[in-house]
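Everything on this sheet refers to the single structure shown next.
Count residues from 1 along the sequence.
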Amino acid sequence: MKHFYSLFKTYALIMVVISTMAVSALAQSENTDKSYFRQLGQELPTPNNYRTGSGAPGHEYWQQRADYDIKVELDDEKQRITGAETVTYFNNSPDPLNYIWLQLDQNILDKESDYYKTQTGSGRRGGVSQLTDKITTSQIKALADRSFDGGHKIQYVRDVAGNPLKYTIVKTMMRIDLPKPLRKGEKFVFNVGWYYNVNDRLNPALAAGSRGGCEFFPEDGNWLYSITQWFPRMAVYDDYNGWNHKQFLGQGEFSLTFGNYKVAITVPSDHIVGATGVLQNPQQVLTAEQQRRFNEAKTAKKPVVIVTQAEAIEKEKTKAKDKKTWIYQAENVRDFAFTSSRKFIWDAMGVNIGGKTVMAMSYYPKEANPLYGQYSTEAVAHTLRVYSKYTFDYPYPVAISVEASNGMEYPMICFNYGRPEKDGTYSDRIKYGAISVIIHEVGHNFFPMIVNSDERNWTWMDEGLNTFLQFLAEQEWDRNYPSQRGFPKNIVDYMKSDQSELEPIMTNSESVKQLGPNAYAKPATALNILRETILGRELFDHAFKEYSRRWMFKHPNPADFFRTMEDASGIDLDWFWRGWFFTTDPVDISIDRVVEGVFDTKNPEIEKARLRAERASKPEELGIQRNRKDVPQTAVEANPDLLDFYNSYDPLAVTEADKKAYQAYIASLSPEDKKWLESQKYFYQVDFSNVGGLVMPLIVEFEYEDGTKDVERIPAEIWRIDNKKVSKIFVKDKKVKSFTLDPYSETADIDISNNYFPRRSQPTRFELIKQNSYMRGVGGANPMQQQKQEKKTSGGGN
Ligand SMILES: [Zn+2]
């Protein structure tokens with residue numbers, strides 16, 4: 001390397017620029033005062049004994065714990081939940097606590113909730129309303145119907161002796177004042193009784209409750225319950241926020257403490273209950289046949305049906321009046337959810353994760369078949385395998401997918417969607433939608449159920465990381481899997497949006513305008529770029545696994561993630577976090593100019609011939625061309641007396657003096673210098689400008705005149721002195737015909753028209769776009785239906 005540099009210096013004076021080609025750079029962005037390579041000193045909290053500068057938990061790291069013993073009854077007549085809980089709260093912090101805070105999340109469905117009061121339009125939380133002349137009845141209902149009262153009704157709060165404790169409800173939070181300060185290492189036991197009305201998930205007025213609730217099936221008259229955020233839960237007290245009691249406004253999800261749970265769930269006797277944890281009393285709630293099938297499922301190679309569709313359909317008709325109590329236990333979980341219905345088909349399969357059997361299971365109504373029977377449990381198993389490979393072995397004993405026309409996650413259990421048409425056919429959109437949502441929601445077991453980040457403040461920490469792993473799992477499900485999020489090109493439209501519609505990923509969960517692109521797609525894409533383009537798979541996978549393991553069953557913050565990824569990879573990524581997570585700048589890098597050069601051989605035979613050819617190739621001036629016709633005779637042509645030596649002198653003729661000078665020059669060179677001179681290298685100075693703002697590596701593809709190609713990758717650090725303009729000299733053995741920046745679409749460059757040199761015109765096609773529905777298919781027959789219809793109409797055929 002050093003050697004080449006010295007030679008290059010020797011020849012720098014005698015390099016010949018053979019061509020300079022430039023295109024005017026597009027308008028530069030205004031962000032002239034930004035240096036992405038400033039370290040993130042001010043943006044990140046100061047490391048301390050709880051959280052280290054390496055991103056790991058510190059030697060004095062602590063976290064609280066809350067154990068729950070709950071008895072709950074589901075009233076299938078009134079759609080009501082009634083519960084009584086004993087909470088044991090352990091103060092592991094160094095601080096004495098005079099009061100404790102609990103979350104009453106159902107209070108966003110209280111008639112007077114801030115969630116309702118701060119709604120600005122149909123389904124819009126905050127921002128600008130638009131009153132138009134078209135409004136649907138469901139929009140009116142969502143805005144105006146406050147007839148349903150879904151808030152938590154607290155009946156009592158008592159100590160272990162039964163004495164009432166003073167409590168204050170502050171919107172979606174409840175403070176309990178302690179009789180005496182709870183000191184380090186002490187625990188406090190208390191009881192709470194409550195009930196609430198379960199919201200109808202399909203009622204648009206109760207959209208905020210769409211994470212859980214109930215769904216009515218009019219054709220058979222049965223309900224399906226997804227019971228979530230249903231009990232008063234301890235808020236997190238930590239070294240970072242103190243009490244994290246930021247109010248629940250519907251978008252920022254949960255911040256929860258780990259603990260052990262014992263939950264007794266009383267439901268109509270013909271219901272099937274799925275829940276966080278392991279069933280403790282199968283003999284009391286399952287038939288002998290169901291228990292036999294369950295045991296068979298543990299070692300089965302494919303899902304075993306424990307309650308069949310035919311059995312579920314029989315139960316839909318009977319509607320038992322008596323009750324059964326299902327007892328579940330779960331250890332080291334941050335939450336507990338359950339599902340209950342007599343409509344459930346139930347299947348299961350044991351999956352080997354690190355030598356332990358995990359039960360992958362699915363509960364779904366007949367409306368979800370045949371899709372769920374074929375794919376749900378297989379998708380759960382696939383998710384556990386792929387996610388475990390990139391993080392840690394899934395530590396819980398079960399993982400459940402419930403079809404509830406939904407997409408929401410809890411420890412060991414999640415609620416998903418994907419119902420075919422009544423005739424059993426489905427669009428590819430529904431098929432891949434179902435598999436993707438199952439991977440995604442089961443994947444949430446890893447982030448944030450185990451790597452327990454704070455969802456109330458940072459949606460991206462679980463959604464972004466989870467969507468990234470979802471993308472990896474989808475691509476390992478099927479090579480041509482139509483992943484919606486993960487590929488850099490899929491984020492381009494969002495990155496191109498008007499800046500007023502964007503905010504950095506590092507924005508509080510409740511204040512993000514477009515949660516999907518901002519907190520799911522953009523961080524997932526950034527991580528994919530980090531893995532494929534910045535760090536490479538080996539360094540990235542090592543660092544990501546390290547983060548997952550360090551913070552498994554703990555509470556990480558953004559800085560812990562940023563710092564660990566640098567600490568474990570050995571690569572300074574402050575510029576990357578700053579650009580992708582702290583700004584809204586897009587990537588748009590342009591090739592502005594290319595200067596081509598070769599060595600001056602000094603050989604007069606070669607160089608003079610080259611100059612002669614160059615001159616001959618230039619077109620004659622227009623005036624000279626016209627004078628040939630218009631001026632029949634010039635002065636010297638008319639009078640030869642005017643001619644002298646210079647009229648016949650050829651400055652490009654090779655002279656003896658030229659040859660001597662060349663021989664003397666060659667004699668002065670060392671053998672190595674001579675070899676370089678004869679090497680016929682091509683030098684290209686390529687000028688790049690950063691139009692978009694975000695710095696990224698320069699990935700340049702060279703296409704040579706002989707049709708071959710190669711790619712050079714220049715790290716983003718090339719921008720560390722100047723974020724706006726940079727030049728790079730490339731040395732090539734062959735003449736380059738064209739240059740392409742980012743040939744494999746790795747960087748989410750929002751304008752590729754300036755990625756080519758020479759420029760290429762971009763083909764454009766206009767198409768009429770039909771609006772698609774997210775959960776259902778496109779209007780009209782899906783391809784499976786079309787084929788069925790075609791078969792029918794073609795009949796016997798002739
Ligand atoms: Zn999610």
Are the charged groups of [X] and [Y] less than 4.0 angstrom apart, N to O?
X	Y	result
Lys323	Glu73	yes
Lys315	Asp270	no
Asp220	Lys319	no
Glu409	Arg211	no
Glu296	Arg292	yes
Glu403	Arg419	yes
Asp149	Lys111	no
Asp76	Arg342	yes
Lys166	Asp177	yes

Over-ring placement of Arg65 relative to Phe258, 6.0 Å and 45° cut-offs: no
- request: Check whether NZ of the Lys or CZ of the Arg Lys343 lies under 6.0 Å from the centre of the six-membered ring of Phe217 and within 45 degrees of that ring's axis.
  value: yes
Please find out if less than 6.0 Å separates the ring center of [X] from that of [Y].
X	Y	answer
Phe446	Tyr387	yes
Phe344	Tyr364	no
Phe248	Phe254	yes
Tyr410	Phe338	no

Salt bridge (charged side-chain N to carboxylate O under 4.0 Å, His left out) between Glu77 and Lys321, intermediate numbers included: CA-CA 10 Å; Glu77 299 293 320; Lys321 291 286 169 233; 3.6 Å; yes
Regarding [X] and [Y], do their side chains bring together a donor and an acceptor under 3.5 Å, going by distance alone?
X	Y	answer
His245	Gln103	no
Asp110	Asn107	no
Asn369	Gln309	yes
Lys298	Asn295	yes
Asn466	Asp462	no
Asn452	Arg334	yes

task: Please lay out, stage by stage, how Leu97 and Gln64 fare under the test side-chain contact (heavy atoms from CB on, under 4.5 Å).
output: CA-CA 12 Å; Leu97 303 174; Gln64 306 293 68; 3.8 Å; yes
message: Does Lys262 form a salt bridge (charged side-chain N to carboxylate O under 4.0 Å, His left out) with Asp69? I'd like the steps, not just the answer.
response: CA-CA 5 Å; Lys262 183 180 174 197; Asp69 190 335; 5.0 Å; no
message: Could you measure the distance from the CD atom of Gln247 to the OG1 atom of Thr172? Nearest 0.5 Å is fine.
response: 3.5 Å
message: Under the rule for side-chain hydrogen bond (donor to acceptor under 3.5 Å, both in side chains), what residues qualify as partners of Thr276, not counting sequence neighbours?
response: none
- prompt: With a 4.5 Å limit on heavy-atom distance, are the side chains of Val72 and Ile81 in contact?
  reply: yes
task: Kindly indicate whether the side chain of Met174, heavy atoms from C-beta on, has any atom under 4.5 Å from the side chain of Ile154.
output: yes
Answer yes or no: does atom [atom1] of [X] have more than 12 heavy-atom neighbours from other residues, nucleotides or ligands under 6.0 Å?
X	atom1	answer
Lys187	NZ	no
Glu112	CD	no
Glu331	CD	no

- prompt: What residue among Trp230, Tyr328, Phe190, Phe231 forms ring pair (Phe, Tyr, Trp, His ring centres under 6.0 Å) with Tyr68?
  reply: Phe231
- request: Run the numbers on Val398 and Met361 for side-chain contact (heavy atoms from CB on, under 4.5 Å), then give the verdict.
  value: CA-CA 7 Å; Val398 297; Met361 309 204 283; 4.3 Å; yes
task: Hey, can you tell me if Phe553 and Tyr396 have their rings parallel, tilted or perpendicular (30° and 60° cut-offs)?
output: perpendicular
